[in-house]
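Worksheet for the structure shown next.
Both backbone and side-chain heavy atoms feed into the values below; hydrogens, waters and symmetry mates do not. No experiment lies behind these values; they were computed from the predicted model shown. The sequence lines fix the lettering, A, B, ..., with proteins before strands; numbering per chain opens at 1.
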There are 2 protein chains.
Amino acid sequence: MHLDERKMKILQAIIRNYLETGEPVGSRTISKYTDLNLSSATIRNEMADLEELGYIVQPHTSAGRIPSDKGYRLYVDSMMQENERQVEELKEMLVEKEEKMDHLLKQVAKVLAVNTNYATMITAPRYQKNKLKFIQLSRVDADQILAVIVTEGNVIKNSMIPVSETLDDETMLKLNILLNTNLNGLAIEEINLGMITLLKAQAGLHGSLIGEVIDAVAETIKEDEDLEIYTSGTNNIFKYPELADQKRASELITTFEEKQLLSKLVDDNMEEGTGEIKVYIGEEAPIQTMKDCSIVTANYEFGEGMRGTIGIIGPKRMDYEKVVGTLKTIKVQLDTLYQKDLKEE
Amino acid sequence: MHLDERKMKILQAIIRNYLETGEPVGSRTISKYTDLNLSSATIRNEMADLEELGYIVQPHTSAGRIPSDKGYRLYVDSMMQENERQVEELKEMLVEKEEKMDHLLKQVAKVLAVNTNYATMITAPRYQKNKLKFIQLSRVDADQILAVIVTEGNVIKNSMIPVSETLDDETMLKLNILLNTNLNGLAIEEINLGMITLLKAQAGLHGSLIGEVIDAVAETIKEDEDLEIYTSGTNNIFKYPELADQKRASELITTFEEKQLLSKLVDDNMEEGTGEIKVYIGEEAPIQTMKDCSIVTANYEFGEGMRGTIGIIGPKRMDYEKVVGTLKTIKVQLDTLYQKDLKEE
DNA sequence: TGTTAGCACTCGACCGAATAGAGTGCTAAC
DNA sequence: GTTAGCACTCTATTCGGTCGAGTGCTAACA
C-alpha cells in the first residue's frame with residue numbers, strides 16, 4: 001500500500017522535526033512547518049491515519065507523535081536527500097595521511113565522531129585472501145630467531161621463535177631461500193600438510209624448525225581473526241537524552257568497550273560484499289543492547305581483498321542524511337588511499 | 001596535631017561505613033558500630049570536633065557526616081590494613097600467560113576491572129633506556145625494503161622504506177653488516193650526527209639510504225612515545241551513584257576515551273621510579289575531570305628499564321585496602337613475568 | 001570532668017493535590 | 001474535503017505538608 005503525496009510530506013515533516021528536537025511533534029507544529037497550508041485539524045486527521053498505518057506512534061494519549069521504526073525505515077529508504085556540503089571539510093581532515101595503519105584508523109574514527117556527534121567504530125581491514133609475499137628468518141640471539149612475515153597488502157607480522165639448536169649463517173640463508181621459494185605467493189589456506197612435509201624433508205636436519213616456523217606463520221596470520229576495532233565518541237551518547245539514562249548508557253558503554261560484541265555488526269556486514277551503505281533501525285540491529293539506536297555501516301576496501309567496516313551508532317532520530325553522506329565520503333577516501341599508497345612507493 | 005585514639009577509631013568507623021554504603025553516616029550508627037560503647041551523644045561531640053579539624057564534612061545541616069579528602073588521606077596513610085585474601089584468585093587468572101604483549105595488557109586491565117569493580121588502565125611498558133639489539137634490512141619488492149628493528153627488551157618494530165634505486169643482494173648484506181656492527185648495543189640517544197655521517201661515508205654510494213634507515217629507526221622507536229594505554233571497566237562508574245550522573249559520567253567516559261589525558265597520570269608517576277603504590281584522593285588527582293574520584297597507581301617493571309603504569313580509578317569511597325592489595329599483587333606478577341620469560345627461552 | 005539522656009530544631013526526601021499546558025479526537029459548520 | 005471549536009486526556013510542574021534522620025545544646029549524672 002502506498003502513501004499519497006500529502007501523507008508522505010507530513011510524515012517527512014514529522015520525522016525532520018523530531019530529528020532536530022527529540023520531542024514528540026504535534027499537529028500545530030506541522031501545520032506551520034510545511035508549505036501545505038493545512039490547519040492543525042486536517043493534519044490531525046492525517047496523523048491518525050499515519051498512526052493506524054504504523055508509521056508513527058504516540059508515547060501517550062495527549063502527546064505529539066514520534067516516528068516508529070517503520071517510519072524511519074520508509075524515510076531512509078525513499079525520502080532522504082543527501083547533501084554534499086560538509087564533504088570537503090572531511091576530506092581535508094583526512095588528507096594529513098597517517099603512515100601507520102592503527103593511527104589512521106583511530107584518526108578516522110575520531111574525525112567521524114567529531115563530525116557527526118555520534119559514536120563511531122572502525123575495524124582494521126581484514127585480509128580475505130591473504131597471500132604471503134616475503135618471509136625472513138633472522139638469528140637475533142643464540143637461542144631465538146625472529147620471523148618476519150610480509151603479506152600481499154604490505155602488512156608486516158613478527159614472531160619470536162625460541163630454538164634449542166644454534167644455527168649458523170649458512171643454514172639460516174638456506175632456510176630463508178627454502179621458505180621463500182616455496183611459500184611466496186601462496187594464500188595461507190594453500191599451505192597444506194603435504195607441502196609442510198615436503199619442506200621439512202628438504203630442510204633435513206632442521207625439519208622441526210620448519211614446523212615451528214610454519215606454525216608461527218599460521219598463528220601470526222590467524223591472529224588477525226580476533227580483529228581490532230577502534231571506537232570513538234562514545235561519550236556522544238550523552239548528548240541524546242533518550243540514550244543517556246543510566247541503564248542504557250551503561251549498557252552502551254559496555255558494548256563499546258567489549259569490542260567483540262561489535263564484531264556482530266561486522267560479520268553481518270561482510271557477507272554483503274563491498275555493497276552499499278547499510279542502515280539498521282532500532283530492533284533491526286543485530287546487537288540487543290542497541291535496540292534504541294540506529295546504526296549505519298559501510299565497508300571500505302583497502303587494496304584487493306582487504307576489507308574493513310565503519311559504523312556510526314546514534315539515536316534513532318539520527319541525522320541520516322548527514323551520516324550516510326559522511327560515511328560515503330570516508331569510504332571513498334579510504335578506498336582511494338590505498339591507490340595513492342601504491343603510487344607513492 | 002595528632003588525633004587521640006578514640007577520635008581515630010571514630011573516624012575510621014565513619015570511613016569504613018561510608019565506603020560500604022555510600023550514604024552519610026550518623027552518630028547513632030557509629031555508636032553501635034564500634035566497640036567503644038559510647039552513646040550517640042558522645043559520638044556527636046567527637047564528630048563535631050572531627051569536622052572542625054577538617055576530617056569529615058556534612059553535606060547539609062541535618063545529615064550524617066562523610067569523609068573529606070583530608071579524612072581519606074589520613075585513612076590511606078595510616079589506618080589501612082591490607083588483607084591478603086583474594087590474591088590467589090588473581091594469580092590464577094594471570095597464569096594463562098598471553099604471549100602477545102597487547103593481549104596481556106588488555107587481559108590485565110580486564111582482570112583488574114572485574115576484580116575490583118572499578119575502572120582500570122594500564123600502559124604498555126616504556127623503554128627508558130632502549131638499546132638496539134638487532135637491525136635487519138630485507139628487500140621485499142623492487143622498490144621497497146623492510147627494516148626490522150629489535151630492541152633490548154625483545155620489542156620488534158617494522159618499517160617499510162621506499163627506495164628509488166634497486167639494490168642487489170650483496171649490497172643488502174653489506175648494509176646489514178654495517179648497520180649491525182655499528183649500531184648494536186647503542187641506546188637511541190647515542191646515535192648522534194657524527195656517527196651517522198660516518199656510516200653514510202662507509203656506505204659509499206648508498207649513503208642516502210642509510211640516512212633513511214636511521215630516520216626510520218629513530219621514528220620507529222620514538223613512536224612509542226605516544227604511548228598505548230589500555231582501559232577496562234569504564235562502565236563500572238555507573239555502579240557508584242556519586243559518579244553516575246550525566247555530567248560526571250560523560251566527562252569520565254571522555255577522559256577514558258581520550259587516553260592522552262590519562263598520560264598525565266603516567267608522567268606524574270614515572271618520576272617517582274618504581275617506588276610504592278600511589279594514591280590520589282579527589283582534588284589531589286592531576287586530572288581535573290577526576291576530582292570526584294580516587295586514583296591508585298603503581299609502576300611495574302618489565303625487564304630492565306621497561307616500565308609501565310597501572311591505575312585504578314573509582315569513587316572516593318573506594319575500597320582502598322582491596323585495591324592497594326590487588327595492585328601490589330598484579331605488580332609483582334608483572335615484575336616476575338619477565339623473569340619467567342627469560343627462563344623459558 | 002567526661003558521659004549521657006532528652007529535647008527542640010533543621011533540612012532533605014517523599015507524597016498528594018492542584019494547576020498549567022500541550023495535544024488529541026470529535027462534531028458541526030463552511 | 002477542510003476547518004473552527006470544544007471537551008477531554010495526560011504529563012510535567014509546583015506547592016504545601018508530613019516524616020524521619022540527624023544534629024546541637026542543655027542539664028543531669030557518675
Can you measure [X] atom [atom1] to [N] atom [atom2] for me and round it to whole angstrom units?
X     : N      : atom1 : atom2 : value
A:N45 : D:dA4  : CG    : P     : 13 Å
B:L36 : C:dT4  : CG    : C1'   : 15 Å
A:D4  : D:dG1  : CG    : P     : 11 Å
B:I66 : D:dA21 : CD1   : C1'   : 16 Å
A:K32 : C:dG23 : NZ    : P     : 10 Å
B:N37 : C:dT4  : CG    : C1'   : 13 Å
B:H60 : C:dG12 : NE2   : C1'   : 5 Å
A:M47 : C:dC26 : CE    : C1'   : 16 Å

Base, sugar-phosphate, or nothing: which does [X] touch, judged by heavy atoms less than 4.0 Å apart?
X     : result
B:A41 : base
B:S27 : sugar-phosphate
B:T61 : sugar-phosphate

* Given D:dA21, is OP1 or OP2 found less than 4.0 Å from the side-chain N or O atoms of B:R65? ->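 For B:R65, the contact criterion (side-chain N or O under 4.0 Å from OP1 or OP2 of D:dA21) is not met.
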* Asked: Within less than 4.0 Å of OP1 or OP2 of D:dT2, is there a side-chain N or O belonging to A:R6?
  -> yes
* Quiz item: B:S39 side-chain donor-acceptor pair to C:dT4 base, under 3.5 Å -> no
* To do: Can you check whether any acceptor in the base of C:dG6 is under 3.5 Å from a donor in the side chain of B:R44, or vice versa?
  => yes
Partner of [X] under side chain to side chain contact (heavy atoms under 4.5 Å, CB included), chosen from [options]:
X      : options                : value
A:I10  : A:L36, A:I15, A:D49    : A:L36
A:L261 : A:T255, A:I229, A:T254 : A:T255
B:L19  : B:E321, B:R317, B:M318 : B:R317

* Asked: In Watson-Crick or G-U wobble terms, both distances under 3.5 Å, what is the partner of C:dA29?
  -> D:dT2
* Taking atom CG of B:L38 and atom CZ of B:R6, what is their separation to the nearest 0.5 Å? -> 5.0 Å
* Structure fact -> Per nearest nucleotide of DNA chain C, the residue lying toward the 5' end, B:S62 or B:S40, is B:S40
* **Residue that, paired with A:E51, satisfies salt bridge (charged side-chain N to carboxylate O under 4.0 Å, His left out) out of A:K7, A:R65, A:R44, A:K70** =>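 Among A:K7, A:R65, A:R44, A:K70, the one that satisfies the salt bridge (charged side-chain N to carboxylate O under 4.0 Å, His left out) with A:E51 is A:R65.
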